[in-house]
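So the structure is just underneath, and the comments pick up after that.
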Protein chains: 2
Amino acid sequence: MPEQASTGALDDTVDTVDTADTVDGVVDAGWAPVTKARTYELVLDRVEAQITSGRLRAGDRLPAERDLAAALGVSRVAVREAMRVLQAMGVITQSTGSGRDAGTVLTAAPGEALTRLVRMHVLLASVGTADVVRARIALERESARLAATHARDSDHALLAEHLAVMDDPGCSPETFNDRDTDFHVTIAHASGNRLVAEMTTALRNAMRGTLLERLRGEDDFRSVAARLAREHHEIHEALLAGEGARAADLVEAHIEGFYARH
Amino acid sequence: MPEQASTGALDDTVDTVDTADTVDGVVDAGWAPVTKARTYELVLDRVEAQITSGRLRAGDRLPAERDLAAALGVSRVAVREAMRVLQAMGVITQSTGSGRDAGTVLTAAPGEALTRLVRMHVLLASVGTADVVRARIALERESARLAATHARDSDHALLAEHLAVMDDPGCSPETFNDRDTDFHVTIAHASGNRLVAEMTTALRNAMRGTLLERLRGEDDFRSVAARLAREHHEIHEALLAGEGARAADLVEAHIEGFYARH
DNA sequence: AACTTGCTGTGGTCCTACCACAGTGAGGTC
DNA sequence: GACCTCACTGTGGTAGGACCACAGCAAGTT
């Protein structure tokens, strides 16, 4: 049916025909340049509409790319590009093969997407390290505050495990950094607030490389590690005691302290 | 040159050839399934590497899609899908036409990308409204605290303008909602912390629809608007006085109050 | 009953062709 | 000479068709 250039069901192509024009002598009332939306964006809109209307929800399977393309009257390329965007947002997962669970499935996994986004912008110097630190503090304060009342036994067990590894004097900077990340991420997820947790995780992960470099460049890695470990223990104790406000203050001092001193 | 299936410079295609195998009788030492990375991800890695190494920075122009494809030894489709991802992350902007500034340009604009990401996940019920509210409070407290010392005269002027519009008794719920958003966003950007600002903006924008619905459904919109406006004025006064802590508390009460009461 | 084998549906990749748009510059017109 | 016109060129945008790799399933074989 499409014989070239969208003919099908997707002709919302024209967005605005409104006001103002800049062409030479023409009257500038009631005219605006006609802006065309790219086809893949229209596909995105359709998918979003399906979600909004409740016809599509997490766990559901999307039509096959070919079918979707045919149904919307666009090419498969357009559909694929829309899928790439959704994937980059952590909204879908794709896999090959046949069978019920194969293909494109709606799954809400914002974590990885956020991490990549933040890391990319840190690399681009679009946001500075100091900014990330302040954002981390704001979020992790909230994480800690909530975790003090929401954390379960399994969370505390996990935290204890991470602490034990970091206490080991033979622990390398790499291992320490990984477990440090895990410690903070565990607290974030114990908060029970998914959004705060994912954002916290993303920021901490995006800083992973930077932090590792600092740890490696440390003159006396062991004593620094010991101090950080001690602070971790204090935070954990505050959480166990259910003292959210104190935990939040400790976390703030912990994060700020590391950056301020190095 | 590529006669089908990647032949070119991008043959990192094979990721791991390591340990363990599950095939029936075969010795399970030293074998693992070969996992292939998707081509567009390899392209992404190359772009990220260029940024990391400093050969590419914000404002720079990327090679034309065709050239990049040739240089990397992949198809244009692969390059285009990588571009879609970068665009979805707010890392590039694309435009047609010729000339120096046409084509693909590295520009760090995380705001819109974040907004879409959060909105999508709110729609998917991956994160609940209450979670977004708590996250907003955490971030906007920080925004307000920083804005109290960093805001310039132009910021205060903008804030005053928004306040004036919201004070107008004839102001519609739509207009009020828009200006309310603008008010919070202006504070966020006045904080001087780009990351906090972008995240704040994203959350506020993602909630735009929800908030508008609540305002519209209000029995006595005018009195609610009047109360919100009064709170806005108090916040503004705290900012003008440079009292960050008070501004933060007011913002928290302001946000939480609205959700708690409705 | 257990294994093998081929079929089918899915995303992954590539190529090629063409369209729409925006500068650029050569050429014509006044 | 100054100005306008218009074709050219480089860019992303789109379409369509072909083939590959993979995973499940079912029929056939041992």
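Proteins get letters first, then strands, A, B, ... in listed order; numbering begins at 1 in each. What you see is a predicted model, and the numbers here were worked out from it, not measured in a lab.
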- Please check the phosphate of C:dG12 (OP1 and OP2 only) for any side-chain N or O of A:Thr96 closer than 4.0 Å. no
- Item | Distance in angstrom units between A:Arg80 CZ and C:dG11 C1', rounded | 6 Å
- Task: Look at all strands and tell whether A:Ala78 reaches a base, only sugar-phosphate, or nothing, counting heavy atoms closer than 4.0 Å.
- Result: sugar-phosphate
- Assign each of B:Arg61 and B:Val77 to its nearest nucleotide of DNA chain D by heavy atoms, then name whichever residue's nucleotide is nearer the 5' end. B:Arg61
- Item | Salt bridge flag under 4.0 Å for residues B:Arg204 and B:Asp180 | yes
- Starting from P on C:dT24, measure out to CZ on B:Arg100 and report it in whole angstrom. 8 Å
- Message: One thing to verify: whether A:Arg116 and A:Glu112 come together as a salt bridge, which I'm taking to mean a side-chain N less than 4.0 angstrom from a carboxylate O.
- Response: no
- Item | Interatomic distance where CZ belongs to A:Arg76 and P belongs to D:dC19 [whole Å] | 14 Å
- Query: Which part of the nucleic acid, if any, lies within reach of B:Ala102 when heavy atoms closer than 4.0 Å are counted: base, sugar-phosphate only, or nothing?
  - Reply: nothing
- Message: I need the CG-C1' distance between A:Leu42 and D:dG13, as an integer number of Å.
- Response: 12 Å
- Which heavy atom in A:Ser191 sits nearest to a heavy atom in A:Ser143, and how many Å separate them? CB-O, 3.6 Å
- What's the CE-C1' distance between B:Met83 and D:dT14, to the nearest Å? 18 Å
- Is B:Thr104 near enough to D:dG12 that one of its side-chain N or O atoms lies under 4.0 angstrom from OP1 or OP2? yes
- Could you give the CD-to-C1' distance, from A:Glu65 to C:dT10, as a whole number of Å? 8 Å
- Item | Base of C:dG11 paired with side chain of A:Arg66 (donor-acceptor, under 3.5 Å) | yes
- Query: Any side-chain N or O of B:Ser75 less than 4.0 Å from the OP1 or OP2 oxygen of C:dC14?
  - Reply: yes
- Message: Salt bridge or not between A:Arg216 and A:Glu174? Use side-chain N to carboxylate O under 4.0 Å.
- Response: yes
- Query: Within the pair A:Gln94 and C:dT10, is there a side-chain N or O less than 4.0 Å away from OP1 or OP2?
  - Reply: no
- Query: In whole angstroms, how far is the C1' atom of C:dG11 from the OH atom of B:Tyr40?
  - Reply: 12 Å
- Task: Rounded off to whole Å, could you give me the CZ-to-C1' distance for the A:Arg38 and C:dC19 pair?
- Result: 16 Å
- Query: Quick check: does any side chain N or O of B:Asn205 sit under 3.5 Å from a backbone N or O of B:Ala202, one acting as donor and the other as acceptor?
  - Reply: no
